[in-house]
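To start, the structure itself, in structure tokens.
Only a predicted model underlies this, so the values are computations on that prediction, with no experimental measurement involved.
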Amino acid sequence: DLLPRSPLPPSTTCTRIPLAHTTAPTPRQLSSSRSPRQQEQPVFGCRDRDPERHIHLNHRTPSYPRAHVAKMAPTYSQAFCNNRGGVGKTFMAFQTACEAARARPEKKVLVIDFSLYSDISALLMGGSARESFGAPMKGLQVTMDNTEEDTRAEGLIRDLEHAMDTDANSGGTETPAGHSIFGAYFAKKPPGGAPPAPVDLSKYMIRPSDHNAAIPSNLYLVPSAGAMSWSNTQGADTAGADDQPLWTRKGNQWWPAARKLRDALDALPADFDAVMFDTDHLAACVLTKMALAVCKAVVVPLSFDDGDFNRLFQDVTGNALFTDVMLPMNDAGYLRAKVTRMVFTKVASRSNEVTITPKGSPLPFVPPKTVMDQMDNLAQQAWAACLHDDRYRKLFAGADTLEPTAGNIVTTFLATYFTGMKLAPDLAANMSKMNGLPLCTMTSAKYKAPSGLEGSSGKDTLNALKAEVQSLVIGMFCEAYNEPLQAS
């Protein structure tokens, strides 16, 4: 039942090719069993002690010598960013991370949760369902039960803050002793003193599949825990800094820590092929700036509402992702992540055929004509901003080398950077989020959420959603992620 993936020549490297210049990826045939390559990959539980196959998983597992493990910067690093909440940013990050891990079981995917709400930690660790009003999300409760502050994202930030003083990456800003731009908790020296450089990210990782069997076993998470990570760590520090929330703190004292985080990513074992950051809608938060300074690419999930779209360029709160955050970072030399994908989300669909909008944006489904026209209009506004101020154009990866398609550079721009993700049916979307079930592993079986909601989604519906997420992953990464889909 499997259609083998065409092997790449030995000398071939995977590069992202604009969809305008390729045929839209054809989803692989569905399989009711794992592929031969997947069958070769054993699933290791928490008790597995092989240091060559299993990294240190937060504080409950002892560390192992890893000097013999080959290290290499991940091929792909993506930040999911938008200054508008509710556009499906975390849902997209969750689905694409799980699909990327499923498609390449011989590689590892790392998700780092820099969102103030820690929603992706909740989804990966068991779902967003709550037992009762005011109760924590199930996945966050599981996170709290299996981690502590020293081994979550806040512990990572604190250790980066202090480890940066041990090498050349401490230059560029002045931080008073006992002060941290991240808040009071982060100003305190870590137990045992400053960690060596580069910081070992495995100390802060947990494997969600040990707690949520629906998640691929080669996906790892640096979790955070909502208020416990980002609100309870605030307050006036020992230097007497103002007691203000993390998401309102200004200045560039985060930059040395970001450089140290770059080094930490580069020191990951070579089998980590992709790293993904989830960020918050408060785009000017220093955590989002760190993700943009560390990653090579940024994916921008979009609403096709005109007002929401224009908040990327103008926001009275000072959180406009492009104008208030990325432009100043690029001007200062801090920005590493460039836009590779602008993805319209929650788009209505008439059919599942691959199509291209009238102005050139490729889509794995067919929206109503009025929706396509609106998507084209907004995408053209982004190009107009690039013409108005060349600094906006420099935020897009490879924009300097775009060639006109049939004499039209706008068509090339839309085809290279814009696509869409259709609105998932309510039942499939809610079951996915509430139970922590990625679409790529869902079946047509009946599911029940803790809230009492239950039901099943049709095979055709799930197959189309899986193919769409796969198409998005291939566009973000490369053809090596085009593997047979799991049967529904």
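- Atom CD of Glu131 sits in a sparse spot, with 12 or fewer heavy atoms from other residues, nucleotides or ligands closer than 6.0 Å.
- Not one N or O on the side chain of Thr355 forms a donor-acceptor pair closer than 3.5 Å with the backbone of Leu363.
- Phe91 carries Lys433 over the face of its six-membered ring, with the cationic atom under 6.0 Å from the centre and within 45° of the normal.
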Chi angles and distances behind the side chain to side chain contact (heavy atoms under 4.5 Å, CB included) call for Cys81, Thr288: CA-CA 8 Å; Cys81 301; Thr288 299; 4.1 Å; yes
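- Under the 3.5 Å distance criterion, the side-chain polar atoms of Lys394 are left unmatched by any main-chain donor or acceptor of Asn330.
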Worked verdict on Leu265 versus Leu268 for side chain to side chain contact (heavy atoms under 4.5 Å, CB included): CA-CA 5 Å; Leu265 289 185; Leu268 282 169; 4.0 Å; yes
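- A distance-only check finds a donor-acceptor pair linking the side chain of Asp113 to the backbone of Ser121 [under 3.5 Å].
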Residue pair Asp150, Arg158: steps toward the salt bridge (charged side-chain N to carboxylate O under 4.0 Å, His left out) verdict: CA-CA 9 Å; Asp150 291 338; Arg158 181 204 58 199; 2.8 Å; yes
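- The backbone N or O of Val473 lies less than 3.5 Å from no partner atom in the side chain of Glu99, so there is not a single donor-acceptor pair.
- For Phe94, there are no ring pair (Phe, Tyr, Trp, His ring centres under 6.0 Å) partners, not counting sequence neighbours.
- Between the side chains of Ser432 and Gln95, a donor-acceptor pair is found at a separation under 3.5 Å.
- A donor-acceptor pair under 3.5 Å links the side-chain atoms of Tyr417 to the main chain of Ala397, judged by distance alone.
- At distances below 3.5 Å, not a single donor-acceptor pair connects side-chain atoms of Lys89 with backbone N or O atoms of Asp278.
- With Tyr481 as the aromatic partner, Arg104 meets the cation-pi criteria of under 6.0 angstrom to the ring centre and within 45 degrees of the ring axis.
- Side chains of Ser224 and Arg152: a donor-acceptor N/O pair is absent below 3.5 angstrom, by distance only.
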From CA spacing to verdict: side chain to side chain contact (heavy atoms under 4.5 Å, CB included), Ile112, Leu110: CA-CA 7 Å; Ile112 299 179; Leu110 173 62; 4.1 Å; yes
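- Lys422 and Asn352 share a side-chain donor-acceptor pair at under 3.5 Å.
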Working for side chain to side chain donor-acceptor pair (under 3.5 Å), residues Ser128 and Lys138: CA-CA 6 Å; Ser128 63; Lys138 176 186 175 182; over 6 Å; no
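- Ring planes of Phe396 and Phe322: perpendicular class, angle over 60° (limits at 30 and 60°).
- Between Phe114 and Ala153, the shortest heavy-atom distance links the atoms CE1-CB, 4.3 Å.
- The CD1 atom of Ile206 lies 6.0 Å from the OG1 atom of Thr147; values are rounded to the nearest 0.5 Å.
- Under a 3.5 Å cut-off, the side chain of Lys296 and the backbone N or O of Pro74 do form a donor-acceptor pair.
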Audit row: Arg341, Phe80, side chain to side chain contact (heavy atoms under 4.5 Å, CB included) steps and yes/no: CA-CA 10 Å; Arg341 278 289 183 273; Phe80 291 80; over 6 Å; no
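- With hydrogens and angles disregarded, no donor-acceptor distance shorter than 3.5 Å links the side chain of Arg336 to the backbone of Leu292.
- For Asp200 and Ser202, the side-chain atoms include at least one donor-acceptor pair closer than 3.5 Å.
- Not one N or O on the side chain of Ser115 forms a donor-acceptor pair closer than 3.5 Å with the backbone of Asp119.
- A salt bridge links Arg84 with Asp308; the closest basic N to acidic carboxylate O contact falls under 4.0 Å.
- Here the side chain of Asn218 pairs a donor or acceptor atom with the backbone of Lys107 at under 3.5 angstrom.
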Step-by-step side chain to side chain donor-acceptor pair (under 3.5 Å) determination, Thr405 to Thr412: CA-CA 6 Å; Thr405 301; Thr412 306; 2.6 Å; yes
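- In summary, the aromatic rings of Phe304 and Phe309 are positioned with their centroids too far apart to meet the 6.0 Å limit.
- Aromatic ring orientation, Tyr76 versus Phe477: tilted (interplanar angle from 30° to 60°).
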